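Owing to the predicted nature of the structure, the values given are computational and were not obtained by experimental measurement.
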Amino acid sequence: MSIQHFLQFKDLSREELEHIFNRAGIIKKRYKTYLPYHPLIDRTLVMIFEKSSTRTRLSFEAGMQQLGGNAIYLNTRDSQLGRGEPVEDAAQVISRMSDLVMIRTFEQEIIERFAANSRVPVINGLTNEYHPCQILADIYTYIEQRGSIQGKTVAWIGDSNNVCNTWLQAAEVFDFNVHVSTPPGYEVEPERAGLFGEDHYEEFPDPMDAARNADLVTTDVWTSMGFERENDARRKAFADWIVDKEMMSVASKDALFMHCLPAHRGEEVDAAVIDGPQSAVWDEAENRLHVQKALMEYLLLGTIDT
């Protein structure tokens, strides 16, 4: 099996992703019923963090341990990566001492350069452009609770950030629609989003119109990591892009709400929504663990049928 990386959502085919979702359900059931499953015994995951994280580190580290392997945490403050070592050299060395690498960094170019020089699979734990593991968990959660996402409508309310970009890629892979509503000046950049075309998304100036009849309403913080200097300007620009009960009321009757977390209640989402009956946020967060275990299993072992 040739080396398969997961740097953007579209790096895997629909068939491969559906296999991962199926495995995630099996692995999750085993975990919930205390049945040990250690297919990655004696394997090592190296986690490289240039951006801090709670859910990404916890889900990958716990997940690798639950699969029988080991996880090593590196951040750029404690390694030569933060002292000017070329990314290409670091990739050569790290990949000779591990079996799998997850990187959470700033520019997508960094992770692409690392993967080009790696002897083992590389997973994007988040970049400025994409967050494929998050959308892997989000779609798995939707399928788990509502069935197939094909033909459904996802409403993205807020900034056209890395999570939004990944939803747009996922829509093309799984054949669903994304309604995007951003404030003026924060619109989707198709080239940055890495889109094949524009057949699966539509932009709406009014967020209420984007949410109307949607099957899933989702959002993110107004100011992503690395853009803190824009915080005041963004608060003003995004003031009308709050997911509240009124917005959820125009979505489909059984619509779900999702948020990749951390959330700021009273800013991008009201407490009544994120803590309300339509919220799948906590299941979504937990499913990062299960779907990433299935992803690591696939990247290292290929298709598993047991």
Side-chain angles (χ1 to χ4, degrees), residues 4-7 9 12 17 19-79 94-95 97-105 111 120-127 130-145 162-163 166 225 258-263 279-302 304 306:
Q4 174 70 67
H5 303 299
F6 190 52
L7 310 182
F9 194 90
L12 297 180
L17 292 164
H19 171 75
I20 288 170
F21 291 151
N22 180 61
R23 292 298 301 163
I26 293 169
I27 291 170
K28 181 177 181 178
K29 184 176 180 180
R30 292 183 71 103
Y31 175 75
K32 294 288 189 179
T33 54
Y34 295 92
L35 291 175
Y37 180 57
H38 299 148
L40 302 186
I41 193 166
D42 199 35
R43 301 297 90 184
T44 300
L45 164 71
V46 171
M47 307 180 298
I48 302 172
F49 285 85
E50 195 168 17
K51 285 188 175 186
S52 59
S53 168
T54 299
R55 281 154 294 278
T56 298
R57 179 177 178 180
L58 180 59
S59 57
F60 271 107
E61 191 164 343
M64 192 61 176
Q65 291 174 0
Q66 290 166 18
L67 292 176
N70 301 292
I72 297 174
Y73 171 82
L74 296 177
N75 66 57
T76 50
R77 295 184 301 276
D78 301 333
S79 68
I94 292 170
S95 67
M97 298 183 183
S98 62
D99 303 283
L100 191 61
V101 178
M102 185 281 295
I103 304 177
R104 184 178 172 94
T105 187
I111 199 169
V120 301
V122 177
I123 298 171
N124 182 350
L126 175 144
T127 62
Y130 308 113
H131 198 356
C133 290
Q134 181 63 56
I135 304 309
L136 206 61
D138 293 0
I139 294 177
Y140 174 74
T141 303
Y142 186 87
I143 293 170
E144 187 178 54
Q145 299 193 14
N162 50 4
V163 182
T166 310
M225 197 179 303
M258 292 189 189
H259 191 305
C260 63
L261 302 177
S279 176
V281 165
W282 315 120
D283 294 322
E284 174 191 8
E286 178 191 341
N287 281 334
R288 284 285 299 275
L289 171 68
H290 306 299
V291 80
Q292 286 169 187
K293 285 194 286 186
L295 172 66
M296 291 189 290
E297 177 195 67
Y298 177 72
L299 293 179
L300 287 179
L301 302 179
I304 301 291
T306 58

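At least one side-chain heavy atom of I111 sits less than 4.5 Å from a side-chain heavy atom of L7. Side-chain atoms of L100 and M296, non-hydrogen and from C-beta on, do get closer than 4.5 Å to each other. Within the 4.5 Å cutoff, side-chain heavy atoms of P132 are placed close to those of F6. Proximity of I103 to V101: side-chain heavy atoms (C-beta onward) are separated by under 4.5 Å at one or more points. The side-chain heavy atoms of F60 and L289, taken from C-beta on, include no pair separated by under 4.5 Å. In this structure, Y142 and E284 have side chains that are not in contact, with every pair of non-hydrogen atoms separated by 4.5 Å or more. Counting heavy atoms from C-beta outward, M64 and M47 have side chains that stay 4.5 Å or more apart. In this structure, C133 and I123 have side chains that are in contact, with non-hydrogen atoms separated by less than 4.5 Å.
Going from atom CG of L17 over to atom CD1 of I20 covers 5.5 Å, rounded to the nearest 0.5 Å. If you take CG on L35 and CD1 on I26, they are separated by 12.5 Å, rounding to the nearest 0.5 Å. One finds the CD atom of Q4 at 12.0 Å from the CG atom of L300 (value rounded to the nearest 0.5 Å). The CG atom of N287 lies 11.0 Å from the CD1 atom of I143; values are rounded to the nearest 0.5 Å. Atoms CG and CG, from L45 and L299 in turn, are 11.0 Å apart once rounded to the nearest 0.5 Å. To the nearest 0.5 Å, atom OH of residue Y130 and atom OG1 of residue T166 are 7.5 Å apart.
Here the closest heavy-atom approach between residue A294 and residue A24 is recorded as CB-N, 3.6 Å. Scanning both residues, S53 and R104, for their nearest heavy atoms gives CB-NE, 3.3 Å. Here the closest heavy-atom approach between residue D138 and residue M258 is recorded as O-CE, 3.4 Å. Taking each heavy atom of D99 and R43 in turn, the nearest pair found is OD1-NH1, 3.0 Å.
For the side chain to side chain contact (heavy atoms under 4.5 Å, CB included) test with V291, the passing option among I135, L136, I27 is L136; the others fail. Of the residues T56, L126, I48, L295, the one that meets the side chain to side chain contact (heavy atoms under 4.5 Å, CB included) test with M102 is T56.
A side-chain donor-acceptor contact under 3.5 Å links H5 to the backbone of V122.
A salt bridge is defined here as a Lys NZ or Arg NE, NH1 or NH2 lying under 4.0 Å from an Asp or Glu carboxylate O, and E286 with R55 fails to meet this definition.
In terms of the side-chain hydrogen bond (donor to acceptor under 3.5 Å, both in side chains) criterion, residue partners of R23 (sequence neighbours excluded) are, by chain and number, Y37, E297. Residues forming a side-chain hydrogen bond (donor to acceptor under 3.5 Å, both in side chains) with S95 (at least two apart in sequence, or on another chain): none. Residues that satisfy the ring pair (Phe, Tyr, Trp, His ring centres under 6.0 Å) test with H19, not counting sequence neighbours, are Y298.
At a cut-off of 3.5 Å, with distance as the only test, no side-chain donor of N75 or E50 sits close to an acceptor on the other residue. Judged purely by distance below 3.5 Å, without hydrogens or angles, the side chains of Q145 and D283 pair a donor atom with an acceptor atom. Residues S59 and Q292 bring a donor and an acceptor atom of their side chains to less than 3.5 Å of each other.
The six-membered or imidazole ring of Y73 lies near that of F49, with a centre-to-centre distance under 6.0 Å.
Annotation: cation-pi pair K293/Y31 present, NZ/CZ under 6.0 Å from the ring centroid and within 45° of its normal.
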